[in-house]
2 protein chains.
Amino acid sequence: MTNSVRATLGAMPNVQARALSKRQQLVDSAQSLIYEQGVHRTTLAEVAERADVPVGNVYYYFKTKDDLVDAVLESRAAQIHETLEGFGKRRTPQARLKALAHGWVEIAETVAQFGCPLGTLSSELGKHPDDMAAPDASVFQPIVDWIETQLRELGRRDARDLAFELLARIQGGALLGQSFRDPDILVRQTRITNRWIDSLS
Amino acid sequence: MTNSVRATLGAMPNVQARALSKRQQLVDSAQSLIYEQGVHRTTLAEVAERADVPVGNVYYYFKTKDDLVDAVLESRAAQIHETLEGFGKRRTPQARLKALAHGWVEIAETVAQFGCPLGTLSSELGKHPDDMAAPDASVFQPIVDWIETQLRELGRRDARDLAFELLARIQGGALLGQSFRDPDILVRQTRITNRWIDSLS
DNA sequence: GTCTATAAGATGATAGAC
DNA sequence: GTCTATCATCTTATAGAC
């Protein structure tokens, strides 16, 4: 990492090497609060407080609350990209797909409390009129594409449908796990899903 | 049905035979608005307007907004009960399970816009602190139980896990259908699910 | 029972000092 | 760049007339 100026997504102040930039602090704070409470129940006052930033100062970094939510979405997209890239180390497509599914099992306890971080966000924003014209901006788009790639490598012609099937199993399991406040539901469904992955030629 | 006084859930004004009671109008209005916008983005002013009732009058029927949301949940529970009972006409367990799955396909277009009426409600309320101590109050509880009953009739020992698997497929398909704004995703996943139902001995 | 008026508080957003 | 003070609006909820 050099000290030279780097291109960053959107307007961003000079990055501090010592600590997270205040902008990033605000995005992180908003991301966790939105996950725990949802977008609309989360106020800018709460976001600012958790980020240790004065309320009015939020508007120096984000023109509106919507802009802050957009920044959270970008942050989630970056995390997804990193995570998927990390699975590349696995040797076989099956191992990579199981690693993906295991990601949710690792956070099963949290999922039982607040739901899937991606699923609940997508569900809430999906009702927003602003979101109505953004079909391929889904947080799941890169994940479905990545699953489809693995399945094609397995020689499956129906890779697209199977990709949706795999993600639907995970998301459905996460939703029911949250609804029943039982992490075991997600764990057991993932076990079933793993057997299903093995059954794919 | 007699004219005698009947026990009803909660305080309820005299039921008018000619038209829906104002209370019911408010519940219906709240239910549709909550489905379209979510609980927290829906204001009492909107609910009152759609129900053609003055804003302040809402508080005659419901002490707080939470009480109105509770009434919506009760209404949903009643709808679920009715719907499941309607499937009883089908001869075989498989036919009954397919009828259940078909229920979502019938509203696939709406699901692509606003998500599953039950799934999105559960997802949003699941983040609510008030809901934290209500594991078996899930809107999905009666549905899972009903599916389990059908599967037991098929002689399946693993009926509980399979019940969650079936509902997870549907809910996952609905969530992805909404996320991608594509009803076809839910339709295709249901097709796969129907074959899966047939494969159950 | 039904409605109007309004209180009380929260929230997104702005102006301007430092 | 950072912070304080504050506005304007929205939203839940109440009081009280009819």
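Throughout, protein chains are lettered first and strands after them, A, B, ... in sequence-line order, and every chain is numbered starting at 1. Just so it is clear, the structure is predicted and the values come from calculations on it, not from any experiment. Because only heavy atoms are used, hydrogens play no part in the values below, and waters and symmetry mates are left out as well, while side chains stay in.
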With the side chain counted from C-beta on, respond yes when Arg76(A) and Val27(A) share a heavy-atom pair under 4.5 Å apart, and no when they do not.
-> no
Using a 4.0 Å cut-off on protein heavy atoms (strictly under), produce a 5'-to-3' string for nucleotides 5-12 of chain D with B for base contact, S for backbone-only sugar-phosphate contact, and - for none.
-> ------SS
Which whole-number value in Å describes the distance from Gln25(B) CD to dT2(C) P?
-> 10 Å
Could you list the residues that satisfy salt bridge (Lys or Arg N to Asp or Glu O under 4.0 Å) with Asp182(B), not counting sequence neighbours?
-> none
Taken to the nearest whole Å, CG/Asp67(A) to C1'/dT14(C) is 16 Å
Rounded to whole Å, OH of Tyr60(A) lies from P of dA17(C) at a distance of 18 Å
Quick one: does Gln79(B)'s side chain get under 4.5 Å of Gln31(B)'s, heavy atoms only?
-> yes
Kindly list each side-chain donor-acceptor pair under 3.5 angstrom involving residues 112-124 of chain B, sequence neighbours excluded, with atom names and distances?
{"unit_1": "Thr120(B)", "atom_1": "OG1", "unit_2": "Lys127(A)", "atom_2": "NZ", "d": "2.9"}
{"unit_1": "Thr120(B)", "atom_1": "OG1", "unit_2": "Cys116(B)", "atom_2": "O", "d": "2.8"}
{"unit_1": "Ser122(B)", "atom_1": "OG", "unit_2": "Ser179(A)", "atom_2": "OG", "d": "3.2"}
{"unit_1": "Glu124(B)", "atom_1": "OE1", "unit_2": "Val39(B)", "atom_2": "N", "d": "2.8"}
{"unit_1": "Glu124(B)", "atom_1": "OE2", "unit_2": "Val39(B)", "atom_2": "N", "d": "3.0"}
{"unit_1": "Glu124(B)", "atom_1": "OE2", "unit_2": "His40(B)", "atom_2": "N", "d": "3.2"}
{"unit_1": "Glu124(B)", "atom_1": "OE2", "unit_2": "His40(B)", "atom_2": "ND1", "d": "3.0"}

Spacing of Asn57(B) atom CG relative to dG16(D) atom P, expressed in whole Å | 17 Å
Hey, are Glu148(B) and Arg152(B) close enough for a salt bridge, meaning a charged N less than 4.0 Å from a carboxylate O?
-> yes
Does Leu97(B) reach the side chain of Gln94(B), with side-chain heavy atoms less than 4.5 Å apart?
-> no
Taking only N and O in the side chain of Tyr61(B), is any of them less than 4.0 Å away from OP1 or OP2 of dT2(C)?
-> yes
Nearest-Å distance for atom pair CD/P, residues Glu49(A) and dT11(C) = 12 Å
To the nearest angstrom, the CD-C1' distance between Glu46(A) and dA10(C) comes to 11 Å
